[in-house]
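Quick notes on the structure that follows.
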There are 2 protein chains.
Amino acid sequence: MTGATTPTRGRKRSEQTRLAILTAAYELTTEVGFPDLTIEGIAARAGAGKQTVYRWWPTKADVLLEALALKADLKVSIADQGSFDTELDTFLRDSAALMAFPGVVPVLRSLMAEAQRDADFRHRFQDGFLTKRRAALETVVERAAARGDKPAHLTAAFAADLVFGLIWYRVLATERLLDQDDITAVRRLLNGHSGEE
Amino acid sequence: MTGATTPTRGRKRSEQTRLAILTAAYELTTEVGFPDLTIEGIAARAGAGKQTVYRWWPTKADVLLEALALKADLKVSIADQGSFDTELDTFLRDSAALMAFPGVVPVLRSLMAEAQRDADFRHRFQDGFLTKRRAALETVVERAAARGDKPAHLTAAFAADLVFGLIWYRVLATERLLDQDDITAVRRLLNGHSGEE
DNA sequence: CTATTTCTAGACGTGACGTCTCGAATGAGA
DNA sequence: TCTCATTCGAGACGTCACGTCTAGAAATAG
């Protein structure tokens with residue numbers, strides 16, 4: 001789904017092959033790690049030709065980005081729940097649940113790493129993943145602002161930088177994931193209850 | 001300085017060659033980018049043999065990690081300045097200044113990316129860079145706690161995750177660096193003034 | 001039936017990898 | 001002064017994934 005337009009003539013793209021390639025990429029990443037993941041290996045495991053992979057995805061990272069959307073549930077709830085704190089809590093729990101999904105953390109690590117090496121992929125990663133997640137949280141903050149439910153001085157962009165910064169830093173630099181205490185601490189902080197009991 | 005022990009006999013390690021290699025690696029990274037940085041290229045630019053590089057550093061990322069310490073001023077002030085807010089401000093300004101140093105951002109990006117690919121290097125990166133920076137900020141928070149100068153519910157570890165999360169997320173996922181407004185916002189947040197004017 | 005596109009399969013030249021060998025230079029201990 | 005361990009620059013070597021390419025079969029719309 002990354003390359004090309006759909007022509008009206010000729011053989012149609014095989015959905016079965018597409019799924020086989022995405023699954024092979026996802027599984028191989030958990031088995032051998034992203035650095036040892038090769039296009040040739042993906043094609044071999046999927047029973048596909050190399051050219052088929054190269055035709056539809058520019059890099060192995062792009063394959064993995066699409067595989068992530070296939071394997072993990074990337075939906076984020078942005079339903080109006082009445083209060084900023086409640087919606088923030090929901091958002092943080094959803095994010096923690098995503099990270100707990102098997103194979104997601106190594107894949108996210110690999111994608112962010114690849115985004116540092118390849119500027120073109122960085123933009124695709126931003127458009128296809130990062131900004132979507134940001135948009136969800138920013139919606140929550142902006143709705144709180146409209147309700148008058150939001151701490152002063154807290155812009156949507158800054159809140160997103162803080163929350164995603166915390167999540168990504170945990171994934172990339174430490175080995176710990178978000179737990180219940182972290183969620184509580186973030187809620188307390190963004191609600192402005194950090195100074196008193 | 002990463003490999004080997006110092007024997008008592010034989011020719012001594014050439015400090016001049018060591019500096020030439022570190023300088024070549026740093027400059028080449030800014031010129032061609034980390035992915036196109038090769039050990040062979042480093043050796044060639046430094047006028048050194050490949051074996052000389054391989055003898056002292058296990059990967060090109062380790063060369064760059066040491067080059068960073070050589071090129072940029074990694075000192076962090078942790079002097080007691082009387083108040084949490086003042087020391088936090090100093091820390092944030094020092095961090096912003098480091099990022100503004102020529103070539104530092106691309107190098108940091110590359111090191112964090114490599115840390116995701118190579119678990120062994122990740123530990124060296126943590127020990128040689130990440131935890132040192134964390135320790136400085138944690139000292140500031142703990143000193144504030146001892147003074148009774150610190151917001152309740154703010155642990156040193158969580159504060160570090162938040163601040164470094166913000167900084168790294170900005171570097172890795174967006175293109176923006178910390179500016180004065182960001183520093184103000186972080187100080188306001190961590191001091192517990194986010195809810196009122 | 002024809003034109004077009006996708007499919008699997010694999011050959012091809014390229015380039016960096018990490019190891020190895022070579023002979024010269026260096027320097028501490030005998 | 002001699003000896004010998006160690007580092008030095010230089011580069012040869014086989015290996016492996018890269019991305020491109022060709023070939024021929026299969027599928028599909030006009």
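Just the heavy atoms: all of them, side chains too, but no hydrogens, waters or symmetry mates, feed the values below. Numbered from 1 within each chain, the chains take letters A, B, ... in sequence-line order.
- A donor-acceptor pair under 3.5 Å links the side-chain atoms of B/Arg147 to the main chain of B/Gly82, judged by distance alone.
- Atom CD1 of B/Ile42 and atom P of D/dG9 are 14 Å apart (whole Å).
- Side-chain atoms of A/Gln126 do not come within 3.5 Å of backbone N or O of A/Thr131 as any donor-acceptor pair.
- The nucleotide whose nearest atom lies closest to any side-chain atom of B/Ala48 is, among C/dT6, D/dG9, D/dA29, D/dG9.
- Annotation: ring-ring contact (aromatic ring centres under 6.0 Å, His included) contacts of A/Phe91 (sequence neighbours excluded): A/Phe164.
- Contact annotation: A/Trp57 does not reach the phosphate of D/dG19 (side-chain N/O to OP1 or OP2, under 4.0 Å).
- In terms of phosphate contacts, B/Trp56 brings a side-chain nitrogen or oxygen within less than 4.0 Å of OP1 or OP2 of D/dC8.
- Side-chain contact, A/Asp62 with A/Thr59: a donor N or O sits under 3.5 Å from an acceptor N or O.
- In this structure, B/Arg18 atom CZ and D/dT7 atom C1' are separated by 16 Å, rounded to whole Å.
- No donor-acceptor distance shorter than 3.5 angstrom exists from the side chain of A/Asp127 to the backbone of A/Arg124, with no hydrogens or angles considered.
- Taking 4.0 angstrom as the limit, A/Thr52 places none of its side-chain polar atoms (N or O) nearer than this to OP1 or OP2 of C/dT6.
- For A/Arg45 and C/dT8, the CZ to P distance is 16 Å, given to the nearest whole Å.
- Using a 4.0 Å cut-off, no side-chain N or O of B/Arg13 falls inside it from OP1 or OP2 of D/dT6.
- The phosphate of D/dA29 has OP1 or OP2 within less than 4.0 Å of a side-chain N or O from A/Lys12.
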Base versus backbone protein contacts along nucleotides 13-18 of chain D [heavy-atom cut-off under 4.0 Å; B, S, -]: ----SB

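- In this structure a side-chain-to-backbone donor-acceptor pair under 3.5 Å is missing from A/Thr23 to A/Ala20.
- Between B/Asp36 atom CG and C/dT14 atom P the separation is 18 Å, expressed in whole Å.
- The local environment of CD in A/Gln16 is sparse, with at most 12 non-hydrogen atoms from other residues, nucleotides or ligands closer than 6.0 Å.
- Taking the ring axis of B/Trp56 as reference, the NZ or CZ atom of B/Arg18 does not stay both within 45° of it and closer than 6.0 Å to the ring centre.
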Pairs: protein N or O with nucleotides 22-26 of chain D N or O, under 3.5 Å:
{"unit_1": "D/dA26", "atom_1": "N3", "unit_2": "A/Arg11", "atom_2": "NH1", "d": "3.4"}

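- As judged by a 4.0 angstrom heavy-atom cut-off over every strand, A/Ser14 is placed among residues touching the sugar-phosphate backbone only.
- Between B/Gly10 and B/Ala46, it is B/Gly10 whose nearest contact on DNA chain D lies nearer the 5' terminus.
- Residue A/Thr17 places at least one side-chain N or O under 4.0 Å from the OP1 or OP2 atom of C/dT8.
- In this structure, CZ of A/Arg55 is placed 16 Å from P of C/dT4, rounded to the nearest angstrom.
- Put simply, the side chain of A/Asn191 gets close to the backbone of A/Arg187: a donor and an acceptor are under 3.5 Å apart.
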